[in-house]
Structures are given as structure tokens and as C-alpha cells.
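Protein chains get the first letters and strands the later ones, always in sequence-line order, with residue 1 at the start of each.
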Amino acid sequence: MNADQKAVSLLYFALLREQRGLSAESCSTTAATAGELYAELKEKHEFSLSRNDLRVSVNGDFVDFSQTIADGDEIVFLPPVAGG
Amino acid sequence: MFALSEEPLENIDLKGPLVRRDAGACVEFRGMVRDANQGKEVSSLEYQAYAGLAEKEGTKILKETTEKFEVLEARCLHRTGHLQIGDLAVWVGVVSVHRSDAFAACKYIIDELKQRLPIWKKEHYTNGDSGWIRSDSPSAPATGGDGEPSN
């Protein structure tokens, strides 16, 4: 495992859960930021939602897509919300 | 107090904890699942939530509410799971000394939670189709809650 490689946990909800076919997985990545990680995943799994449609949380808090990711982080890309 | 509930809200004493002697006004909002959206007949609705973050964000909204308005107490419960037409999807209750604060606070809570809570809903239609609101059809308003567009 090279120095840039980290293992993160991903949770999926709603449309992303259906498109991935999983509600959670661990993933090994060299992406530096949450935004880079989404770009990787979008291409790999052919997600239909673009980054502009999403929000992202790391370890249970909303963050910016520029957030640096670290080994062991729990990352969730959140589709447009529709509560109420 | 904010909570997600897998249990039907109809089975829960929602208002009980808000009963207090110093309250002069209680405003409640009840959001129900309705039977049509954007010209399609809806048969049922499925709610999914990122529970940890939804509870954190819901609690934050209620805290903001007590700071912005003169309210004695605010409470909100939101359903998850598969709901049928007419089921209660979300409930907001606010008590205050005077009515204007309770009305304003109740509106603030429902408006904010529709924008901010990590909760998603999938509509199932009588024709067999289904879709995630605002993901499969980004412009469509939703059938839950008060039926107002989410954005």
C-alpha cells in the first residue's frame, strides 16, 4: 500500500444505494479530497448524479468537497434531500 | 427533542410532552402522504434516512428555533420506512406563551427540515413506476409533508 493510499468506509442512500446495489462498502483510494473521491466513484459505478447535486459528510458532519480525506474516514455522498 | 421513528406516529403520544402550565399556545403541523403528485397517482411512499446525521441536524434546527423565537419547547418526529396514503410522515409541535411565536417557530422548523435533513423519499405509483424525489426527477415537488415543493 503506497503512502497516498487510504481505506475509507462509504455509506449509500436513496438513488446512489440503488445504483451501487449496496448500502455500505469499504474502499481503497488515492483521492486526496472528498470531491476527487466522488469523481472516481461516479466513473467507476456510473452514478447519474453530478457532484453539484450532492452534499457530502465525513464522520457524521457536513463538509465541503474540498475536505481532505484520511484513512478510516466514514464518507457519505448525500443525494438531494426530500424530507417532510 | 427531534427523533426519527420507524413506528407509526399515529401510535405515539406526540403532544403529551408539550403539555405545561406556562404554555398559552400550541401549534402543531402534521404532514401526511397524499395520493397524487405531478399528475401521477401515488400508491405509497418510502422514507430513508441517514439516521446519525439526521438526528444531529434535526436537533440543531430545534435549538436554532428556541434561540430565534420566544418558544417554551419545540418537538419534531419524522417517519422512516414504507408509508401508505394518509399516514403521518412528519409532526412538529411548538408551545409558547403567545400564539404568534408558536406559529412562526413551527413554520421555521418544517421549512428548514425539508431543506436540510438527510432524508429521502421514493414515490411508488399506481402504474407500477417509482422514483426518488429530486434525484430521479429533480424538478418534481414531493407528496409528503405539506406538499410544497422542497426548494
Chain B heavy atoms under 4.5 Å from [X]: which part of the residue, side chain, backbone, both or neither?
X: A:Leu15; answer: both
X: A:Leu16; answer: neither
X: A:Glu74; answer: side chain

Under a 3.5 Å distance rule, please check whether B:Lys121 uses its side chain to pair with a backbone N or O of A:Ala82 as donor and acceptor. yes
For B:Trp120 and A:Phe13, indicate whether the former's side chain and the latter's backbone hold a donor-acceptor pair under 3.5 Å.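 A pair under 3.5 Å: no.
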Considering non-hydrogen atoms only, spot the tightest contact between A:Val81 and B:Pro118 and give its length. CG1-CA, 3.7 Å
For A:Pro80 against B:Arg134, the heavy-atom pair lying closest together: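 So the minimum-distance heavy-atom pair works out to CG-O, 3.3 Å.
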Taking non-hydrogen atoms and a cut-off under 4.5 angstrom, which of residues 32-45 of chain A neighbour chain B?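 Within residues 32-45 of chain A, no residue comes under 4.5 Å of chain B, counting heavy atoms only.
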Using heavy atoms and a sub-4.5 Å threshold, report which of residues 51-67 of chain A line up against chain B, by residue number.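 Only A:Arg55, A:Ser57, A:Gly60, A:Asp61, A:Phe62 of residues 51-67 of chain A have a heavy atom under 4.5 Å from chain B.
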If hydrophobic clusters are built from ILVMFWY residues whose side chains come within less than 4.5 Å, do [X] and [Y] share one?
X: B:Phe69; Y: B:Val27; result: no
X: B:Leu4; Y: B:Phe29; result: yes
X: B:Val94; Y: B:Phe103; result: no
X: A:Ile75; Y: A:Leu49; result: yes
X: B:Ile12; Y: B:Met32; result: yes

Taking side chain as everything from C-beta outward and backbone as N, CA, C, O, which of these in B:Glu57 sits under 4.5 Å from a heavy atom of chain A? Side chain, backbone, both or neither.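 For B:Glu57, the contact with chain A is made by the side chain alone.
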Contacting region of B:Ala49 [heavy-atom separation from chain A under 4.5 Å]: backbone
Nearest 0.5 Å, what's the CD-OG distance between A:Glu18 and B:Ser130? 6.5 Å
What do you reckon, is CD of A:Glu25 surrounded by more than 12 foreign heavy atoms closer than 6.0 Å? yes
